[in-house]
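Input: a single structure, listed below in structure tokens.
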Amino acid sequence: MPHEPDPPPAKRFKPGSPFFRLDKKPGMLLPRAGHAAAGVEAQRRHLPIYQSRTQVISQLRQLHSAVFIGETGSGKTTQIPQYLYEAGIGRQGIIAITQPRRVAAISLAGRVAEEKKVQLGKLVGYTVRFEDVTSPETKLKFMTDGMLLREAIGDPLLLRYTVVILDEAHERTVHTDVLFGVVKAAQRRRLEQNKIPLKVVVMSATMDVDLFSQYFNKSPVLYLEGRQHPIQIYYTKQPQSDYLQAALVSIFQIHQEAPSSHDILVFLTGQEEIEALARTCRDISKHLPDTSGSMTVVPLYASLPPAQQMRVFLPAPKGSRKVILSTNIAETSITISGIKYVIDTGMVKAKRFNPDSGLEVLAVQRVSKAQAWQRAGRAGREDAGSCYRLYTEDEFENLANMTVPEIQRCNLASVVLQLLALGVPDVLNFDFVSKPSPESMRTAVEQLCILGAVDRKDDHVSLTPLGKKMACFPLEPRFSKTLLISPDFSCTEEILTIISLLSVDSVLYNPPARRDEVISVRKKFISSEGDHITLLNIYRAFKKVSGNKDWCRENFVNSRNMGLVGEVRAQLRDICIKMNLKLESSVCDLANVRRCLAHGLFMSAAELQPDGSYVALDTHQPVSIHPSSVLFQARPVCVLFNELLHTSRCYMRDLCLIQTDWLHEAAPEYFRRKLRAIKS
DNA sequence: CTCTCCCT
């Protein structure tokens, strides 16, 4: 290398402030409770929240809406629902507690059922997609936020519920954000109609809850202290130009100095980076003197097969240090015990949405302060820990306070369709906590118009009969549309399979280290008609061996995701049957299947240009075939794509070969307008 | 010449 290497950043660490939040708002300040004893009841009494039980109950009795700030370990999520129930608040109906993630809903319900000494599914239950463990006796119901939203379509006033607790509100998922508006409207309308009132409780782990409080008519904010152990924060003295190099140096500095039982968790941005750093760490640790002890490097990201993901929970061999290299999956979704050190690169890969181009951009960007605190917190779950931030304190101060809510970063077609199905009178002016831009709302309405899901007269938007049917499917509008027109092409069974495959994470597992093997084993499934048909072939082969796990391993198929495909397919098929859709199969005529796809997905099409490049027909922007596509080497004249993703270039992912004239027969008016737009 | 993460 021509340049002198950067001096190791870890040498320049200086101690920062320990992890104490001094900006506590007035409210209920609780002393730290002693250590939890055995016995479920005793453990409940030892939670920090227990000592303010009476206050919490009396507040909740009086208030229509309340906002809680609860630190990690405060016990808010398991205790507040029980306090409400035990105090007889909202006994006429059900207390719903929403979670952004399925596993959280399931495990919390299990925990509370244990505490109440009842069988799960009786008094305490949960509802997530594909699983409803509730009964008529259920009064405390943990559910995913998406599930409550689905239920709201049939019951916009949420009349089954007397209390809705929106937990993890700081994460600002689209579902939670839409629910804010739904529960607020339900609360108001129930009051107007003299129905049983709806209590709303918002729970957040971060301090900046003014927005929530303002939104719910300035409802009071109550503070609950947690049981987070102190975390020493370190910053670098100088900004780092290469966060990977900085991470590497920090890992080995800790490795040289700390006892081998102290595990390290490193936050990185993606699979490729993680696998590369894993390789480097293993190489270096092999060449260290024996005195420094060995190192067990474990990669962690979502597309890893389940068996490999489980490795993060296994203790390292005696005398070896566990180093986990993870994406933001370890920020919230997966909790690993024994982490003493967190190394935060300060970077994350995240999606942004450009409403003008309709383009989603996946880019490496800086985390928010809230995210940085979340990452640091992963070091203090059982004991005091340390967090090494690979950026300066100034850089930290310049980070955004909160991550931009997802609703301002995604395509809103589904959201708008859902709101219309809920009977929201004026969608364009829906009362969001954080408004998405008017352009992205307009883009969504326009997309739904083109699909025939909505009618627009001046500023009034309404659902068409087709749109009403589309909203019944838990799918993106373009997919429900494709499914609904599939009987015209006598291929509903094939479309069900393809859409299920496209709406879960990829069923293909591509370990970079075994690339040649993957290519040779996948050959037998590949179709010159594109990725959709290739996926269909894989699904059919999977069915033929009845989902055999060994077959999956040999063929680099992710069996968990493939299992999910089966569940999604069964659910969609049930909805089709309820709608009296004719379920026919077009086993051999796959051209017919592709023609059906063209009729539903015509908005995502691209055409080959004379110079060999591609242009998206909707936005006219230059696009390229993603190298993972089976059509990467081919030069198809006209294709559909499942997704546009802007990374190093603007890539089309999952392509399907089609004929250009199918597009014109599918949406003549739309393409006539597009042509006029090109000419002018 | 390559894919953050959830969810109905």
Side-chain angles (χ1 to χ4, degrees), chain A residues 98-105 127-132 143-154 168 171-179 267-276 300-304 326-334 345 347-352 360-365 367 371 374 403 406 409-410 414-415 417-418 421 470-477 479-480 500 503-512 515 518-519 531 558 561 564 567-568 571-572 575 624-629 631-633 642-654:
Chain A
T98 69
Q99 295 292 321
R101 279 168 295 279
R102 293 165 51 91
V103 273
T127 304
V128 299
R129 192 181 189 183
F130 311 127
E131 250 186 295
D132 182 13
M143 60 205 300
T144 45
D145 44 18
M147 210 62 219
L148 184 58
L149 257 189
R150 271 277 131 200
E151 280 190 12
I153 292 181
E168 312 281 10
E171 290 194 27
R172 306 299 304 274
T173 67
V174 194
H175 289 150
T176 312
D177 265 34
V178 176
L179 270 180
F267 283 102
L268 297 153
T269 69
Q271 172 180 351
E272 207 180 68
E273 192 172 276
I274 286 170
E275 293 292 356
L300 177 63
Y301 43 89
S303 63
L304 218 52
S326 175
T327 59
N328 40 357
I329 193 170
E331 241 173 64
T332 49
S333 305
I334 292 182
T345 57
M347 305 306 270
V348 66
K349 209 177 268 190
K351 215 177 251 183
R352 278 178 296 196
E360 291 181 319
V361 181
L362 185 63
V364 173
Q365 46 199 300
V367 297
Q371 241 176 323
Q374 178 68 31
T403 313
E406 204 183 351
R409 295 187 284 125
C410 69
S414 297
V415 169
L417 185 67
Q418 191 134 36
M470 283 166 63
C472 296
F473 290 98
L475 290 171
E476 281 178 51
F479 288 153
S480 1
S500 305
S503 52
V504 307
D505 288 333
S506 179
V507 298
L508 308 178
Y509 174 52
N510 298 320
R515 196 165 161 268
V518 174
I519 290 170
D531 300 297
N558 185 317
N561 290 346
L564 209 57
E567 289 192 285
V568 172
Q571 185 187 31
L572 299 179
I575 300 171
S624 316
I625 301 180
H626 195 275
S628 65
S629 172
L631 296 179
F632 181 59
Q633 307 279 9
N642 184 38
E643 186 180 32
L644 269 189
L645 199 60
H646 195 116
T647 50
S648 57
R649 305 170 77 171
C650 188
Y651 284 114
M652 303 180 272
R653 288 210 301 197
D654 295 318

Sugar-phosphate, base or nothing in reach of A/Thr173, heavy atoms under 4.0 Å: nothing

Sugar-phosphate only, base, or nothing, as touched by A/Arg653 at under 4.0 Å among non-hydrogen atoms: base

For A/Glu476, salt bridge (charged side-chain N to carboxylate O under 4.0 Å, His left out) partners two or more places apart: A/Arg478

Of A/Glu272 and A/Glu476, the one whose closest DNA chain B nucleotide lies more 5': A/Glu272

By side chain to side chain contact (heavy atoms under 4.5 Å, CB included) - contacts of A/Thr173 (at least two apart): A/Pro100, A/Asp145, A/Glu171, A/His175, A/Thr176, A/Glu406

Earlier contact from the 5' end, DNA chain B, for A/Arg649 and A/Leu475: A/Arg649

Touch class at under 4.0 angstrom, heavy-atom based, for A/Ser624 against every strand present: nothing

Sugar-phosphate only, base, or nothing, as touched by A/Asp145 at under 4.0 Å among non-hydrogen atoms: nothing

Sugar-phosphate only, base, or nothing, as touched by A/Leu149 at under 4.0 Å among non-hydrogen atoms: nothing

Where chain A begins and ends its contact with DNA chain B, read 5' to 3' at 4.0 Å from heavy atoms: B/dC1 to B/dT8

Under the side chain to side chain contact (heavy atoms under 4.5 Å, CB included) test, residues paired with A/Ser629 that sit two or more places apart: A/Asp531, A/Ile625, A/Leu631, A/Leu655

Touch class at under 4.0 angstrom, heavy-atom based, for A/Ser414 against every strand present: nothing

Test side chain to side chain contact (heavy atoms under 4.5 Å, CB included) applied to A/Arg653 - qualifying residues, sequence neighbours left out: A/His626, A/Glu643, A/Leu645

Touch class at under 4.0 angstrom, heavy-atom based, for A/Ser333 against every strand present: sugar-phosphate

Sugar-phosphate only, base, or nothing, as touched by A/Phe473 at under 4.0 Å among non-hydrogen atoms: nothing

For A/Glu275, salt bridge (charged side-chain N to carboxylate O under 4.0 Å, His left out) partners two or more places apart: none

Heavy-atom check, side chain of A/Phe130 versus side chain of A/Leu564, under 4.5 Å: yes

Touch class at under 4.0 angstrom, heavy-atom based, for A/Arg409 against every strand present: nothing

Side chains of A/Val128 and A/Met143 in contact at under 4.5 Å (non-hydrogen atoms): no

Touch class at under 4.0 angstrom, heavy-atom based, for A/Arg150 against every strand present: base

